[in-house]
Number of protein chains: 2
Amino acid sequence: MQERGGKSDGRSKGARERLLDAALRVIRSKGYSATTVDDLCAAAGVTKGAFFHHFRTKEELGIAAAAHFSAMADGIFSTAPFMAIDDPFERLIGYVDFRRAIIGGELPAFTCLVGTMVQEAYATHPALREACARSIEEHAAMVEAIVAEVIAARGDPTGQGARSLALYTQAAIQGAFILAKASNDPQAATDCLDHLRRYLECLFGAPPAPTV
Amino acid sequence: MQERGGKSDGRSKGARERLLDAALRVIRSKGYSATTVDDLCAAAGVTKGAFFHHFRTKEELGIAAAAHFSAMADGIFSTAPFMAIDDPFERLIGYVDFRRAIIGGELPAFTCLVGTMVQEAYATHPALREACARSIEEHAAMVEAIVAEVIAARGDPTGQGARSLALYTQAAIQGAFILAKASNDPQAATDCLDHLRRYLECLFGAPPAPTV
DNA sequence: TGACACATACCAACCGGTCGGTATTAATTG
DNA sequence: CAATTAATACCGACCGGTTGGTATGTGTCA
């Protein structure tokens, strides 16, 4: 049995797909710079020739990996249960709860590829930086859509707009990952998500009176 | 004129001190892995011989740089004006405002060295990861002391404790830096700090002020 | 005189990237 | 229909520059 493994054909595992999957694992644990092309080839089980057949440079692989990660995330979140919640506020809380729930196990499995890469690349690899920015922007836009609905129904107590609040959720999550890596403990991240959730409840929560 | 530039003598600039200062600049813009020993030597204006006279390995330099960064930060914050504020809550808000105020100019000048390093090192350089964790912990402890005072006076509406909230402030700040790097715009960071401030006001302050 | 702070020269391993080649499949052609 | 052509996917030896690290020398000061 033979497949063609074309550029946008995902049903078989060509070298390109395998390299992209390997990039997610390896770069998230070693970082972009420390990850060598040989590392990627070994992890993907392909040769160097295959690597440079599909990607002109290591940076191009990084850019493709950011898009790959983005697509994967989009698939996970767009089909996640919380998305079916009617009330916008509850859906927003559902998003945070969902993000909290998928934290666990090994760090490279749940942390953010683009958050890792952009720290190393922002000053030295402009194209990679932009790819990471697009990836974050794309996910934030999904959150922003929810926030915008909440604001439409309950007003904007922040005065900073839906986009700003959506980006803040991403910042809190990215920062949570850094703490988890530093302490080598995923719970440091879930703890942060609890605070983020409380902030949103505080902003939009039902009781107009100050709680506690 | 000649100085000894001893290990703990800071009044003159020996090779060690210059290398540590260079590390702050270079690693914050290129990341730890992409920063070579030669980069550091060139930026510090010293030779490779001097480098390996003071540090046995590149990792040891990284560990020392984390401590150096920590000491620098400690100097800045312990003498900052907000520290003199009597009311603990106002002092806590003063901390966030101060952090917001020092954001600006070039990204490598105000972002966090250890937040950058730990992302690359957590899985591959345990000793460096621990040094970064200590550095974050040290700064968080300063914040925790303020938060503890606030909680002593006003109670803990989070139920997560002073330490957890202090760590969350660090997560929000670290995440703010990632957004700033991704968008190449310091304002992305200040925007996040505004949300963090609002969370603290929401927890301890008067009911959400009718800003806008 | 000897410990310290640096300088110079050097190295082996490793790195990203190149290159000539092969295997397989699809389209073209006589 | 077989033979030819062309394109794609992949292989792995190889290359020149770079990397972290070493070995050894030199000047200085207590």
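Just so it is clear, the model here is predicted, and its values are computed rather than measured. Residue numbering restarts at 1 for every chain, and letters A, B, ... go by the order of the sequence lines.
Within residues 31-43 of chain A, no residue has any heavy atom under 4.0 Å from DNA chain D.
Atom P of nucleotide C:dG16 and atom CD of A:E59 are separated by 13 Å, given to the nearest angstrom. The CZ atom of B:F52 sits 14 Å away from the C1' atom of C:dC6 (whole-angstrom rounding). Separating the CD atom of B:E17 from the P atom of C:dA5 is a distance of 13 Å, rounded to the nearest angstrom. Whole-Å rounding puts the B:L61 CG to D:dG20 C1' distance at 12 Å. As a whole-Å value, the separation of B:H54 NE2 from C:dA3 C1' is 14 Å. Distance, A:R18 CZ to D:dC11 P: 8 Å, rounded to whole Å. Look at CZ on B:R56: it is 13 Å from C1' on D:dG21, rounded to the nearest Å. Atom CG in B:L19 sits about 13 Å away from atom P in C:dA5, given to the nearest Å.
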Dump the pairs, protein N or O against N or O of nucleotides 8-11 of chain C, anything under 3.5 Å, distances to one decimal.
none

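Annotation: salt bridge (Lys or Arg N to Asp or Glu O under 4.0 Å) contacts of B:R18 (sequence neighbours excluded): none. For A:F110, the ring pair (Phe, Tyr, Trp, His ring centres under 6.0 Å) partners are A:F177, not counting sequence neighbours. Scored by the ring pair (Phe, Tyr, Trp, His ring centres under 6.0 Å) test, B:F55 finds B:F51 as partners (sequence neighbours excluded). Under the rule for a side chain to side chain contact (heavy atoms under 4.5 Å, CB included), the partners of A:D39 that lie at least two apart in sequence or sit in another chain are A:V26, A:K30, A:T35, A:T36. Scored by the ring pair (Phe, Tyr, Trp, His ring centres under 6.0 Å) test, A:Y95 finds A:F77, A:F82, A:H139 as partners (sequence neighbours excluded).
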Show every donor-acceptor pair shorter than 3.5 Å between a side-chain atom in residues 112-119 of chain B and any protein atom, with sequence neighbours excluded, or say none if there are none.
residue, atom, partner, partner atom, Å
B:T116, OG1, A:Q119, OE1, 3.2
B:T116, OG1, B:C112, O, 3.1
B:T116, OG1, B:K181, NZ, 3.1
B:Q119, OE1, A:T116, OG1, 3.1
B:Q119, OE1, A:K181, NZ, 2.4

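B:H53 has no side-chain polar atom (N or O) that falls below the 4.0 Å cut-off from OP1 or OP2 of C:dA7.
Listed by first and then second residue, the side chain to side chain donor-acceptor pair (under 3.5 Å) pairs that reach into residues 124-135 of chain A are A:S70-A:S135, sequence neighbours excluded.
Rounding to the nearest 0.5 angstrom, the gap separating the NE2 atom in A:H54 from the CG atom in A:L19 is 7.0 Å.
In this structure, the side chain of B:Q160 engages the main chain of A:D191 through a donor-acceptor pair within 3.5 Å.
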